[in-house]
Amino acid sequence: MSELKNILKNKKTCKSIWFMRQAGRYLPEFRKIRAQNPNFIKICLNSELSSEITLQPIKRFNLDSAIIFSDILMVPYALGQEVNFEKNLGPKLSEFKMSELLINNEKKFSQKLSPVYKAIEITRKKLDKKKSLICFIGAPWTLIIYMLNIKGNNSDLNIEKLKIFNSNIKQIFEELHEYLCIHIKNQINAGADVVQIFDSWAGLVPIDNMNDYCFLPNKKLVDFCKKSQIPNICFPKGINEKYKEFNETVKPDCISLDKDVDPLWIRDNLKDVVFQGGLDPRVMLDTEEEIKIAATKYIKIFKDIPYVFNLGHGLLPETDPAKVDSLIKFFRSHNG
Ligand code: CP3
């Protein structure tokens, strides 16, 4: 059993380290591939290439887990929306149409994403048995943000636009749940052994909809994972003190902390869950000494309980890989 799976399933106190966005833009070897491949979706649909990118940070740093190189927006893509990544503008999706969502079926969906599953198969064969291969999905709310294009440029929610979809919203959540379960199942069958559920925009859920748009959809996905014995990690980014209610309602195996929640409060108030992450990714832009001090805070707080070291969000593109290397060595010197 991989080390991460062992921590999540058996609540072992051994330590493990990986980074969100560990395969990506801060790595020169990724940028080289990216420069030759202007279409991001096509990279995700090239099994050999995405497997190679998945393994780049493992080769460089010998991290404890690999996360498959793909994107949460591969699901809207497979459900029929066009997805484009415009430089500095973020992802842009073609107009959402309910009728187009409803003409999908499991076979068609799985077929469209088969290169992702193939990439997982290839990667699993090449990856050390002790290392986890993490697969992931976006939680329905975070996908809906992109699918309905309801976020302004400065990360605020366009409530008026969301209201336009009022009569369809429940059905959209339900449809997404079905396809997300299929996507998890297919990725696990291909060889992934842990799933991370990214609710990166949970912080934008209107307070009155917290239960329906965040807690319940995450709980349904976690329940599916539990029924299928799939170790799971939830990341409800930006919900602050609601992390406690989230944990009590959703009951994931592991909860990933963002940079804004106080790790000490989390440790003392959230029960029966493994903790992951928390360190502000911007800290990685500081000096090595400052990084060590900031990391020590998390290492100390979670010293005697199961903890997976990670950041409070993904590695930033401007991060120096040498600093990532030095943080990993520092972490391991404390967790021999
Ligand atoms: O290394 C890994 O973590 C695995 C690969 C991975 C990517 N995206 C590759 C990627 C993972 C786990 C994701 C998840 C993802 N994608 C999330 C959830 C995590 C988070 O960051 O909040 C979200 C919200 C997305 C949607 C998305 N994809 C955005 C907003 C963007 C553009 C801006 C950005 O964050 O880079 C992407 C593109 C994307 N996905 C890139 C990578 C390496 C950059 C592509 C490029 O080179 O232009």
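Ligands are counted one by one from 1 in listed order, and the atoms in each one are counted from 1 as well. Position 1 is the first residue of the sequence; numbering continues from there.
- Looking at ligand 1, you won't find any N or O of Phe198 less than 3.5 Å from one of its N or O atoms.
- Among Asp320, Leu316, Leu315, the single residue meeting the side chain to side chain contact (heavy atoms under 4.5 Å, CB included) criterion with Glu318 is Leu316.
- Here the straight-line distance linking atom CG of Leu221 with atom CG of Leu176 works out to 9.5 Å at 0.5 Å rounding.
- Remark: distances from the non-hydrogen atoms of Tyr146 to ligand 1 include one below 4.0 Å.
- Judged by the shortest distance from any of its heavy atoms, Pro91 lies inside the 4.0 Å radius around the atoms of ligand 1.
- Among the atoms of Gln22, some N or O lies under 3.5 angstrom from an N or O of ligand 1.
- Within the structure, the closest approach of Phe235 to ligand 1 does not fall below 4.0 Å when heavy atoms are considered.
- For the pair Cys44 and ligand 1, no heavy-atom separation below 4.0 Å is found.
- Checked against a 6.0 Å centroid threshold, the rings of Phe330 and His334 count as neighbours.
- Among protein heavy atoms, atom 23 (C) of ligand 1 sits closest to Ile72 CD1, 3.4 Å.
- Between Trp201 and ligand 1, not a single N/O pair is under 3.5 Å apart.
- At a heavy-atom cutoff of 4.0 Å, ligand 1 is contacted by the side chain of His313 but not by its backbone.
- Tested against Phe235, the residues Thr142, Asp258, Ile255 include a single side chain to side chain contact (heavy atoms under 4.5 Å, CB included) partner, Asp258.
- Although no hydrogens or angles enter the test, the distance criterion places a donor-acceptor pair under 3.5 Å between the side chain of Asn310 and the main chain of Trp18.
- When only modelled atom types and interatomic distance are considered, Lys271 and Asn247 share no side-chain donor-acceptor pair under 3.5 Å.
- The aromatic rings of Phe309 and Tyr307 stand perpendicular to each other, their planes meeting at an angle above 60°, with 30° marking the opposite boundary.
- Ile291 and Ile293 end up in different hydrophobic clusters when Ile, Leu, Val, Met, Phe, Trp and Tyr side chains are linked at under 4.5 Å.
- The protein atom (non-hydrogen) at minimum distance from atom 33 (C) of ligand 1 is Arg25 NH2, 4.2 Å.
- Within the 4.0 Å heavy-atom cutoff, Thr142 does not count among the residues contacting ligand 1.
- Contacts with ligand 1 closer than 4.0 Å are made by heavy atoms of both the backbone and the side chain of Arg21.
- No part of Lys237 comes within 4.0 Å of ligand 1, judged by heavy-atom distances.
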